[in-house]
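First up is the structure itself, then whatever we jot down about it.
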Amino acid sequence: MMPGPNARLATWNVESIRARHDQVITWVEANEPDVLAMQETRCGSRLFPRKAFIDLGYELVIHGGESGHGGVAFAVRDGGECAVDTSVRSIDLGIPGAVSPLDEPRSISITWRHLRLHSIYAPNGQKVGTQAHRVKLAWFSLLRQWLQLEREDHPHVIVLGDLNIAPMDVDVWDPRRYRMRNLTSPPEREAFRALMEDGLVDVVRHHYGDAAAFTWWNRRSDFYETDRGWRLDHVLTDAETASLVTIVRVDRAERQKPNSTDHAPVLVELALA
DNA sequence: ATGGTAGCTGGGCTA
């Protein structure tokens, strides 16, 4: 339980923590992340299955409603008696001041060690041209402002989550077919690029180079079996933190398990002093 | 451009 110089952080859209409890706990036991950001937990703290996380030494921060969709959480490993303070501080559930329809439970922000961490679940957007798609773009505008404001107080930041945007052509199995569609449309990619312009680094893309790193495969039909995927789950950091990243792994083997969530977890390791 | 499935709910929405 001693956090060494290396920190392991992961993000995973679990698509209902109640339905995926055993898969997630098994993965956590095997990979021992210091921090796991979860999305699409689909329940609030009342129904969240906490026990196995607590028994493994994790503290939970939960933000979810009773609507049965959305929802995010953090599981943070207890640092025990070590000298480094690994407590969770300054918790923000959602984006402060957000009003309907931008106030759904889609983010948690915490301070951990010297880092400001965000677990983010962006609106899906459904289809270009719909109200849901316009809400998605408005939500990204709000997220950008929130992250800008946060960085004034916390220069070291890691955004972990399902942003529901495949930012580049290499991030979609058939880029020409999907260029003008939900998850890949120009205004969505512009919203993603705006976060980069604010100084965030796409560390998964950086480490995979030009190779595909899909994190989501539609569960309908044989999209996984035929590797027709999208890269929707992201880890974005400030430049200095990006320089500390030693390992990036999309654990796509999780996706092929029976009754799996439709997303693969993404794991990063940082060399922290 | 479409269809295909899954979870939460108790019909239809979200994804």
Side-chain angles (χ1 to χ4, degrees), chain A residues 11-27 37-50 62-73 94 98 100-107 119-140 143 160-167 169 171-188 191-192 214-234 252 254-266:
Chain A
T11 182
W12 202 0
N13 179 321
V14 300
E15 200 199 21
S16 173
I17 187 59
R18 287 175 287 170
R20 239 57 75 179
H21 174 272
D22 292 356
Q23 181 182 21
V24 172
I25 292 300
T26 300
W27 189 87
M38 288 172 271
Q39 301 85 35
E40 213 177 345
T41 49
R42 292 190 176 178
C43 66
S45 54
R46 188 173 64 85
L47 296 173
F48 198 103
R50 316 170 91 104
I62 297 162
H63 186 37
E66 302 302 319
S67 65
H69 57 262
V72 287
S100 178
L102 304 180
D103 60 345
E104 294 175 331
R106 296 186 176 278
S107 74
S119 178
I120 301 288
Y121 177 47
N124 174 279
Q126 295 181 11
K127 192 172 170 32
V128 172
T130 63
Q131 179 64 10
H133 204 265
R134 286 186 287 275
V135 168
K136 177 181 190 174
L137 296 174
W139 186 90
F140 267 97
L143 175 68
L160 303 132
D162 175 4
L163 299 185
N164 266 317
I165 296 173
D169 279 352
D171 299 318
V172 198
W173 66 277
D174 187 344
R176 272 179 293 182
R177 168 182 235 171
Y178 289 97
R179 192 160 286 148
M180 304 304 283
R181 309 265 295 262
N182 189 42
L183 309 177
T184 56
S185 72
E188 290 168 80
F192 189 94
F214 301 150
T215 66
W216 176 74
W217 298 261
N218 197 325
R219 69 165 65 263
R220 289 176 255 187
S221 189
D222 58 350
F223 278 81
Y224 182 79
E225 290 72 14
T226 53
D227 198 22
R228 294 182 285 167
W230 282 253
R231 186 171 72 98
L232 305 181
D233 300 270
H234 301 286
R252 58 183 287 150
E254 281 300 310
R255 177 60 179 80
Q256 66 190 331
K257 292 186 173 177
N259 306 115
S260 171
T261 165
D262 49 3
H263 291 252
V266 181

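A note on names: the letters A, B, ... follow the listed sequences, proteins ahead of strands, and every chain is numbered from 1. Owing to the predicted nature of the structure, the values given are computational and were not obtained by experimental measurement.
As judged by a 4.0 angstrom heavy-atom cut-off over every strand, A:Y121 is placed among residues touching the sugar-phosphate backbone only. Residue A:R106 is in sugar-phosphate contact alone, with no base atom involved, counting any heavy-atom pair closer than 4.0 Å across all strands shown.
A search for side-chain contact (heavy atoms from CB on, under 4.5 Å) contacts involving A:D174 returns A:R176, A:R177, A:Y178, not counting sequence neighbours. By the side-chain hydrogen bond (donor to acceptor under 3.5 Å, both in side chains) test, A:D162 is found to be paired with A:N13, residues two or more places apart in sequence or in another chain being considered. For A:K257, the side-chain contact (heavy atoms from CB on, under 4.5 Å) partners are A:Q23, A:E254, A:S260, not counting sequence neighbours. Residues that satisfy the salt bridge (Lys or Arg N to Asp or Glu O under 4.0 Å) test with A:R252, not counting sequence neighbours, are A:D227. For A:R228, the side-chain hydrogen bond (donor to acceptor under 3.5 Å, both in side chains) test picks out A:D222, A:T226, with sequence neighbours left out. A:E66 meets the side-chain contact (heavy atoms from CB on, under 4.5 Å) test with A:R46, A:L47; sequence neighbours excluded. Legend: residues meeting side-chain contact (heavy atoms from CB on, under 4.5 Å) with A:S119, ordered by chain and number and at least two apart, are A:A37, A:Q39, A:V72, A:F74.
Using a 4.0 Å cut-off on heavy atoms, none of the residues of residues 256-264 of chain A approach DNA chain B.
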What protein N or O atoms touch nucleotides 1-5 of chain B N or O atoms at under 3.5 angstrom, if any, and at what distances?
residue: B:dA1; atom: N6; partner: A:R177; partner atom: NH2; Å: 3.3
residue: B:dT2; atom: O4; partner: A:R177; partner atom: NH2; Å: 2.4
residue: B:dG4; atom: O6; partner: A:R220; partner atom: NH1; Å: 3.1

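Here the side chain of A:D262 pairs no donor or acceptor atom with the backbone of A:E15 at under 3.5 angstrom.
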